[in-house]
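Structure, as structure tokens:
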Amino acid sequence: MTRRHLSLSLCLAALLASACERPVRVANAAMMARHLSQCETLELVAPAGEVGARAERSLLRWCGVLGIPLGRVDPYRGEARNPRVVVGTFDDPLIASLLEPTGVVLGDGESFSWVDREFKGAGLAVVATFEDPERRGLPLTVLCGSTLSALDSLSLDLRPVARPGARVFRGGRLTLSLELGAQGAPNEESIIDFGERWSEFEEQLIPMESGDDRLSLARVQALSDASARAWSARALATMTRVEAWAGSAAQRLHVSLTSELMDIQRMHGVCAFGVSEHGRGAVIAALDPALPEEGRRAVAEARLVQVVGFPVTEAGWMLEAASVEAVDSWWGRPLEGWWSYLATQGLMPSPNLIITPGALVQRSSHIRTPARAAFFRYMRETLGAEALVRVWRGEEAYAPDEADLLDFQSWLLEHTDPQMEAVRTARAARLAEVKSRARRDGVAIDSPLDTQRSFVVPALAETLDRAGEVGVEALSVQCYWLEDGPQARFAAGAGPTLNGFVEPDAELAHIFGLAHARGMQTCMVPVQLVSSSAGRSAWRRRTDVPAWRDYFVDQRRMLEHAGLTAELMGVELLSLGAELRPATKTRIMEGDDLPVEIFETKRIEWSRSISAARAVFSGGLTYGALWKQELEQVEFWDELDFVGLVYFPRLGTPLGERPSDRSIQGSMTKVLRALVAKGDDLDRPVLLMEVGFPSSSRAWWDAALGQGELDMDEQERLYSAFYGALATVRGESDALRGTYLWRWEIEPGSGGARDRGFSPQGKTAEAVLQQMYR
């Protein structure tokens with residue numbers, strides 16, 4: 001994100017903040033989000049029984065992330081000042097009344113009509129979020145179905161959100177989605193017909209024989225018969241491990257294999273390695289050598305539900321844990337090997353936290369879920385199959401005492417201790433290799449920062465191939481963590497994880513996997529935002545020590561998950577962020593009006609954050625300081641492996657004359673020499689984390705702003721000057737190990753002769769880039 005984008009984001013944030021201070025007559029998503037995040041209690045209205053219990057458990061997870069309490073009330077109680085989630089069936093008068101603003105017309109229990117469509121059949125369900133018609137300005141989420149059983153899988157992932165929208169399901173499968181106005185009116189132009197997408201996808205599937213009555217298999221044409229059969233054998237082995245303790249079932253499991261994550265995203269509205277459709281006994285999974293083979297987790301989950309059903313409330317964590325344990329791996333790492341990695345770094349939670357509901361809600365899923373899988377395996381081995389099934393079904397209570405928890409710790413140590421020394425050796429060797437690697441230059445890719453767009457587009461492989469043809473050997477990926485928590489577009493069904501990144505883990509795995517398959521070195525740059533519509537969190541004004549401590553606590557949550565994701569995907573470099581000058585200012589200066597304790601606090605907190613990043617990630621650590629003041633301001637360079645600089649030059653004054661080519665190259669050479677000198681002083685190699693020039697006539701004045709008319713020649717001129725400066729400085733020193741040009745676009749048709757942006761694609765500047773990187 002450039003300074004230009006940052007300034008616009010900060011302006012938008014200021015406008016939104018000021019708007020929230022004024023009386024608002026009509027509810028909107030921003031206002032409802034504010035009321036949700038600041039509410040005294042989120043209320044749940046749900047029937048007694050398993051569906052209501054699962055809905056409560058799901059909301060508790062998400063309320064833990066948002067920092068709000070949850071209260072369960074009956075339909076005739078509650079406080080008008082609280083937002084609520086209502087769960088029920090079509091024949092419930094309250095449901096019909098609440099859905100009236102959306103235009104949904106409920107039928108005889110197995111049908112309803114909406115947006116000029118008739119929905120019929122068993123297992124119908126609707127989830128919708130909009131302004132509560134009985135509680136002005138507050139968000140309401142309604143989850144309802146033709147029967148309670150139609151809500152089984154949906155209640156597993158119910159979450160409190162404020163953004164208006166709706167989804168329709170049939171038999172657990174997403175059939176339709178659309179946006180709603182704040183008051184519930186459907187936006188018919190936003191309708192996505194997932195049923196039609198499924199029909200198109202299933203038409204291209206090729207049926208295969210799995211060789212086992214338990215599994216029916218179909219694959220897309222892009223997958224070879226041999227690779228699909230090999231995957232099928234591994235999936236059957238996973239099912240066998242499930243059945244070894246859970247028992248068998250007569251039902252077949254139907255699996256559709258695709259070579260593209262995009263297919264799963266198109267079918268389910270979520271980017272994931274695999275999705276289980278419990279109501280259909282079906283799974284769609286991705287098979288790609290560049291991706292972790294996590295789709296088998298969906299197979300294990302589906303088989304568990306077929307055999308023993310959904311676990312009861314007290315054992316709610318067990319479905320996910322048992323699925324991971326059956327696959328016996330985490331993101332392609334052997335499960336015991338990953339436990340050993342976590343244990344070596346002191347990241348494994350205590351046994352008591354593992355089984356306490358909500359206790360690990362703030363931890364990365366790369367810790368939370370594998371740790372629970374470890375405890376599940378311990379339960380399976382110590383309780384035995386019959387007792388474990390009784391616990392799963394709620395027929396027998398399981399309350400481990402202190403002796404049990406100590407026994408689990410001993411059990412875990414037996415599985416991890418033999419591998420710990422090997423983990424330490426491998427970590428040290430990996431860091432040494434990354435630090436000694438010869439220079440690699442590349443480009444930076446920016447997240448779309450949009451719930452409707454993603455890194456998973458058909459053109460991604462093609463655009464990375466094109467980058468490789470130009471000579472790109474390295475890829476930096478900027479992704480965004482939201483301080484206000486994960487942004488869910490809809491309130492139930494497959495959706496984002498509990499982590500705060502805009503980009504689902506599978507998206508990040510996709511882009512890093514494709515880059516590595518093309519021999520590119522990769523760098524991950526997580527950026528902390530206030531929200532998806534506001535600027536970087538570091539720039540939010542904080543005037544006391546507690547506020548800054550909260551900022552760094554959230555930063556460490558971000559770095560924990562980002563670092564573990566990067567570790568699992570083999571990413572070489574992790575940045576602690578970029579352009580965070582208010583946060584990196586750890587020395588009080590003349591004119592500062594803040595307490596001196598703030599600066600000391602920030603200094604201490606940066607060291608803690610760097611240690612936390614080092615614990616989870618074994619590659620190289622860096623940071624992107626904004627030229628020039630922040631480069632000198634940062635005091636923690638000696639705790640990192642690389643000195644990083646973000647450079648969008650100002651090469652003149654607003655009223656001055658356009659500088660000459662020689663003057664521009666001289667200025668750039670001076671900056672690069674200063675960067676190298678800084679690295680020499682610290683005995684650290686250096687990186688240009690971002691450097692770029694827009695296609696505008698006044699890009700020379702301030703590259704970040706890109707003012708003026710469309711001018712591709714000016715962009716080419718600035719790239720040529722940078723190429724000359726880079727060649728000069730590299731002729732003097734080998735300390736500059738890499739440059740990441742801002743930015744390379746992934747969208748089809750990006751760049752070109754009519755684009756005023758930073759991309760060099762399809763412009764005369766691309767030829768300069770090709771010279772630079774050859």
Side-chain angles (χ1 to χ4, degrees), residues 123 152-154 156-157 169-175 194-195 197-199 201-220 222-223 227-243 246 248-288 291-310 319-329 331-332 369 493-495 504-506 509:
D152 276 342
S153 59
L154 300 181
L156 287 171
D157 197 14
F169 296 84
R170 182 185 288 114
R173 173 176 286 182
L174 179 60
T175 300
F194 287 93
R197 291 182 176 183
W198 269 105
S199 297
F201 174 71
E202 290 175 334
E203 284 178 3
Q204 63 172 315
L205 290 175
I206 301 172
M208 297 178 58
E209 289 294 329
S210 69
D212 193 303
D213 289 341
R214 295 175 296 169
L215 181 67
S216 68
L217 188 67
R219 62 172 174 86
V220 296
L223 288 173
S227 63
R229 289 188 185 283
W231 187 94
S232 172
R234 294 190 292 274
L236 286 166
T238 298
M239 293 172 66
T240 299
R241 282 195 290 272
V242 166
E243 294 168 356
S248 59
Q251 306 103 304
R252 262 193 165 196
L253 190 62
H254 305 278
V255 175
S256 301
L257 274 180
T258 176
S259 59
E260 295 283 349
L261 280 179
M262 184 70 177
D263 286 334
I264 298 178
Q265 188 164 268
R266 280 178 53 79
M267 299 306 112
H268 285 282
V270 62
C271 186
F273 299 115
V275 175
S276 172
E277 299 180 294
H278 300 296
R280 298 171 179 264
V283 167
I284 180 172
L287 174 58
D288 187 322
L291 294 173
E293 196 178 286
E294 288 297 292
R296 287 187 295 131
R297 284 176 56 191
V299 170
E301 183 179 303
R303 195 59 174 171
L304 281 162
V305 173
Q306 285 182 328
V307 174
V308 286
F310 293 104
L319 180 60
E320 185 179 44
S323 301
V324 173
E325 194 273 335
V327 174
D328 198 27
S329 68
W331 276 49
T369 307
D505 289 348

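Two residues are said to be in side-chain contact when any heavy atoms from C-beta on lie closer than 4.5 Å; R280 and H254 fail this criterion. In this structure, R266 and F201 have side chains that are not in contact, with every pair of non-hydrogen atoms separated by 4.5 Å or more. Residues L304 and S323 form a side-chain contact, since some pair of their non-hydrogen atoms from C-beta on lies under 4.5 Å apart. Between R303 and V307, some side-chain heavy-atom pair lies under the 4.5 Å cut-off. Here the side chains of M239 and L253 are in contact, with some heavy-atom distance below 4.5 Å. L319 is listed as a side-chain neighbour of V305, based on a closest heavy-atom distance under 4.5 Å.
Summarising the geometry of S256 relative to L205, their closest heavy-atom pair is OG-CD1, 3.6 Å, with the distance given to 0.1 Å. Of all the heavy atoms in A228 and R219, the pair that sits closest is CB-CD, 3.7 Å. Among all heavy-atom pairs drawn from P292 and A509, the shortest one is CD-CB, 4.2 Å. Nearest heavy-atom pair across S153 and H278 is CB-CD2, 3.4 Å. Of all the heavy atoms in L174 and G269, the pair that sits closest is CD2-N, 4.2 Å. Closest heavy-atom contact between L261 and A506: CD1-O, 3.6 Å.
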Chi angles and distances behind the side-chain hydrogen bond (donor to acceptor under 3.5 Å, both in side chains) call for S248, R214: CA-CA 9 Å; S248 59; R214 295 175 296 169; over 6 Å; no
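Interatomic distance, CG of L223 versus CG of D288, reported as 8.5 Å (0.5 Å rounding). Rounded to the nearest 0.5 Å, atoms CZ (R241) and CG (L236) are 11.0 Å apart. The distance from atom CD1 of I284 to atom CH2 of W198, rounded to the nearest 0.5 Å, is 4.5 Å. Between atom CZ of residue F310 and atom CG of residue D152 there is a gap of 5.0 Å, rounded to the nearest 0.5 Å. Between atom CE of residue M208 and atom OG of residue S216 there is a gap of 11.5 Å, rounded to the nearest 0.5 Å. Here OG of S232 is found 5.0 Å from CG of L217. Values are rounded to the nearest 0.5 Å.
Considering D213, L215, D212 as possible partners of R252, the one that fulfils the side chain to side chain contact (heavy atoms under 4.5 Å, CB included) test is D213.
Checked against salt bridge (Lys or Arg N to Asp or Glu O under 4.0 Å), E301 has no partners two or more places apart in sequence or in another chain. The side chain to side chain contact (heavy atoms under 4.5 Å, CB included) search around A222 returns V220, S259, not counting sequence neighbours. A search for side chain to side chain contact (heavy atoms under 4.5 Å, CB included) contacts involving E260 returns T258, M262, D263, not counting sequence neighbours. For E293, the side chain to side chain contact (heavy atoms under 4.5 Å, CB included) criterion is met by W231, R234, L287, R296, not counting sequence neighbours. For the side-chain hydrogen bond (donor to acceptor under 3.5 Å, both in side chains) test, residues two or more places apart in sequence or in another chain that qualify with E277 are R173. By the ring pair (Phe, Tyr, Trp, His ring centres under 6.0 Å) test, F194 pairs with no residue at all, sequence neighbours left out.
Remark: R297 engages E320 in a salt bridge, criterion side-chain N to carboxylate O under 4.0 Å.
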